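Note sheet for the following structure.
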Protein chains: 2
Amino acid sequence: MSRVLVVDDEPPIVRALAINLRARGYEVVTAGDGAGALQQAAAQPPDVVVLDLGLPDLDGVDVITGLRTWTSVPILVLSGRSDSADKVDALDAGADDYVTKPFGMDELTARLRAMLRRNTTAESSATVEFGDVVVDLAATRVTRAGQEVRLTPTEWHLLEVLVRHPGRLLSQRQLLTDVWGPGYETAQGNLRLYIAQLRRKLEPDPSRPRYFRTEPGMGYRFEAGP
Amino acid sequence: MSRVLVVDDEPPIVRALAINLRARGYEVVTAGDGAGALQQAAAQPPDVVVLDLGLPDLDGVDVITGLRTWTSVPILVLSGRSDSADKVDALDAGADDYVTKPFGMDELTARLRAMLRRNTTAESSATVEFGDVVVDLAATRVTRAGQEVRLTPTEWHLLEVLVRHPGRLLSQRQLLTDVWGPGYETAQGNLRLYIAQLRRKLEPDPSRPRYFRTEPGMGYRFEAGP
DNA sequence: GGGCCGGTGTCAGGGTCCTGTCAGGACCCG
DNA sequence: CGGGTCCTGACAGGACCCTGACACCGGCCC
């Protein structure tokens with residue numbers, strides 16, 4: 001889950017934020033002053049920063065610029081000052097959002113979601129791994145020990161059906177209709193052929209399958225692995 | 001300069017915003033209702049959207065979701081409602097910021113700058129490199145070993161779609177609709193032609209493609225390279 | 001123990017589909 | 001009219017898919 005760095009010098013506020021954010025599934029790291037914030041951000045790079053401007057040691061804007069020298073992590077500023085000039089200064093220094101106290105926790109978390117969404121949408125790709133094989137379902141790509149493995153359309157389609165149901169037993173009938181469409185329920189020889197092909201390309205020892213297992217008389221089962 | 005789409009049903013507010021934004025060097029496009037907003041966004045894709053939630057024809061959240069189906073342009077919501085639930089709904093629908101009326105123009109423009117900064121910094125790395133080829137997406141220019149390479153509009157369009165999804169397999173159907181628009185799903189001969197053209201102009205050995213790979217029966221894949 | 005049988009893994013061959021390539025003509029624009 | 005771009009059709013080569021045949025294995029009956 002996402003990691004949030006909360007920077008505030010008032011322990012009650014830090015505590016309240018931490019409890020609320022953890023309850024929503026975030027990992028929370030805290031700092032009580034500007035120096036600690038910069039240190040924590042370097043030690044445990046967060047996915048988003050919640051920063052109170054009224055810190056004892058550094059000016060809030062300096063904390064922002066300090067972070068911005070090396071990271072583009074989204075920064076949400078909390079402040080008791082609703083003065084327009086303060087907002088402009090913080091935003092122009094590199095902050096991404098500005099919320100004035102008192103604030104609603106729902107709004108704050110909604111804004112955090114919005115900031116995180118923008119950063120994570122691009123890179124998240126659904127992958128399934130087993131052994132030294134990585135199956136990237138979004139990119140339609142398979143690698144083994146880093147090397148790309150070329151699959152034919154039918155091989156890929158069969159692999160996709162299998163890895164989308166890890167641990168489940170899939171009958172031959174179901175595999176045949178999922179991969180070849182209805183009407184091919186009798187082409188079992190075909191299914192055997194492509195199972196063998198997948199094992200040859202992806203199993204460590206194709207003659208003793210570990211991930212694409214045969215359940216005699218029933219069907220096949222994909223067993224996810226470490 | 002950046003283009004801003006301002007959506008509001010009250011002409012005085014639209015006028016005030018337009019004047020202020022133009023004075024700050026933005027190009028301003030306006031719409032008075034939700035349907036017009038979606039239309040304008042498609043006709044003249046903006047770099048950021050300023051959206052009033054109180055529109056006569058569509059619910060503001062519907063406008064956001066409508067935009068989000070096909071674009072990730074930053075959206076700043078204006079609203080007279082300071083209710084926390086409204087903010088959460090808009091932000092979770094895909095908005096990036098939420099400002100309640102009355103607002104200060106300085107603050108608004110600062111927030112716009114913050115949103116644009118995030119997008120342009122991401123796009124300043126808008127050059128894709130592979131081999132001795134550099135594709136500058138922002139400038140619409142391709143160089144190979146420093147020499148400029150001339151591409152026809154269709155070639156460029158196809159190249160752009162490919163390099164914007166490095167490593168991803170793109171089906172012929174998707175490439176055809178992305179480059180030629182819907183209705184050209186059968187013009188596969190055409191696609192082959194332009195793929196060959198790109199390879200001839202950009203591949204070190206066009207007969208053995210390295211960056212624009214064919215996945216027989218499935219589509220094509222652009223492989224970024226050192 | 002020997003033979004039979006259903007189910008599975010393996011191999012090779014031919015048919016089919018897909019892809020790369022070329023030439024030729026339509027179209028737009030200066 | 002000329003240059004450039006785009007589209008269409010045809011063909012050769014290759015990749016892929018399906019089919020059939022055979023070997024192997026375990027269980028069962030005789």
Side-chain angles (χ1 to χ4, degrees), chain A residues 140 142 148-159 161-162 169-221, chain B residues 140 142 148-162 169-222:
Chain A
T140 319
V142 180
E148 174 155 5
V149 179
R150 284 185 62 88
L151 295 185
T152 72
T154 308
E155 288 164 6
W156 168 259
H157 204 163
L158 175 60
L159 175 64
V161 172
L162 285 167
L169 171 68
L170 298 170
S171 70
Q172 311 203 13
R173 176 173 231 87
Q174 179 167 356
L175 287 170
L176 283 165
T177 54
D178 279 6
V179 175
W180 281 269
Y184 280 78
E185 289 83 0
T186 57
Q188 290 159 358
N190 226 320
L191 178 57
R192 291 204 299 267
L193 195 74
Y194 280 93
I195 289 284
Q197 200 73 325
L198 283 184
R199 296 211 257 242
R200 194 171 311 150
K201 291 188 177 179
L202 301 179
E203 286 277 2
D205 180 359
S207 63
R208 253 178 313 250
R210 178 175 167 189
Y211 302 110
F212 302 98
R213 299 191 180 173
T214 302
E215 304 281 345
M218 316 246 291
Y220 295 90
R221 181 197 308 278
Chain B
T140 319
V142 181
E148 173 154 5
V149 179
R150 283 185 52 85
L151 294 185
T152 72
T154 307
E155 288 164 7
W156 168 260
H157 204 342
L158 176 60
L159 175 65
E160 190 177 7
V161 172
L162 285 167
L169 171 72
L170 298 170
S171 70
Q172 314 202 15
R173 177 173 231 87
Q174 180 168 356
L175 287 169
L176 284 164
T177 54
D178 279 7
V179 175
W180 281 270
Y184 280 78
E185 289 83 1
T186 57
Q188 290 159 357
N190 224 321
L191 179 57
R192 291 201 300 261
L193 198 72
Y194 281 92
I195 289 283
Q197 201 73 324
L198 284 183
R199 294 213 256 240
R200 195 170 309 148
K201 292 188 177 179
L202 302 179
E203 284 277 1
D205 180 358
S207 65
R208 237 146 339 128
R210 178 174 166 189
Y211 303 110
F212 302 97
R213 297 194 184 174
T214 301
E215 302 281 342
M218 305 209 282
Y220 295 90
R221 183 197 309 277
F222 166 66

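Model, not experiment: these values are computed from the prediction. Numbers restart at 1 for each chain; the letters A, B, ... are given by sequence-line order, proteins then strands.
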Return the nearest nucleotide to the side chain of [X]; candidates are [options].
X      : options               : answer
A:N190 : D:dT19, D:dC7, D:dC16 : D:dT19
B:R192 : D:dT8, D:dC16, D:dA10 : D:dA10
B:L193 : C:dG9, C:dG20, C:dC22 : C:dC22
B:P216 : C:dT21, D:dA15, D:dC7 : D:dA15

May I have the distance from [X] (atom [atom1]) to [N] (atom [atom2]), rounded to whole angstrom?
X      : N      : atom1 : atom2 : answer
A:Y194 : C:dG9  : OH    : P     : 16 Å
A:R199 : C:dT8  : CZ    : P     : 11 Å
B:M218 : D:dA15 : CE    : P     : 15 Å
B:L176 : C:dC18 : CG    : C1'   : 14 Å
A:I195 : C:dC11 : CD1   : C1'   : 18 Å
B:Q188 : C:dT19 : CD    : P     : 7 Å
A:E155 : D:dA15 : CD    : C1'   : 11 Å
A:L191 : C:dT8  : CG    : P     : 9 Å

Taking NZ, NE, NH1 and NH2 as the nitrogens, is one of them in A:E148 or B:R221 under 4.0 Å from a carboxylate oxygen of the other?
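Judged by the 4.0 Å cut-off on N to carboxylate O distance, A:E148 and B:R221 do form a salt bridge.
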
Are the charged groups of A:E185 and A:R173 less than 4.0 angstrom apart, N to O?
no

Among side-chain atoms of A:R199 and A:T214, is any donor-acceptor pair under 3.5 angstrom?
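Yes, side-chain donor-acceptor contact under 3.5 Å.
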
Can you find a side chain N or O atom of [X] that sits less than 4.0 Å from OP1 or OP2 on [N]?
X      : N      : result
B:T214 : C:dG20 : yes
A:R200 : C:dG9  : no
B:W180 : D:dC6  : no
A:Q172 : C:dT8  : yes
B:T152 : D:dT5  : no
A:Y220 : C:dG9  : yes

At 4.0 Å (heavy atoms only), tell me whether B:G189 reaches a base, stays on the sugar-phosphate, or touches nothing.
nothing

Starting at the 5' end of DNA chain D, which residue's closest nucleotide do you reach first, B:A187 or A:L151?
B:A187

Does the side chain of A:N190 come within less than 4.5 Å of A:T154's, by heavy atoms?
no

Please examine the side chains of B:F212 and B:L162, heavy atoms only from C-beta on, and report whether any two atoms are closer than 4.5 Å.
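Touching, per the 4.5 Å side-chain cut-off.
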
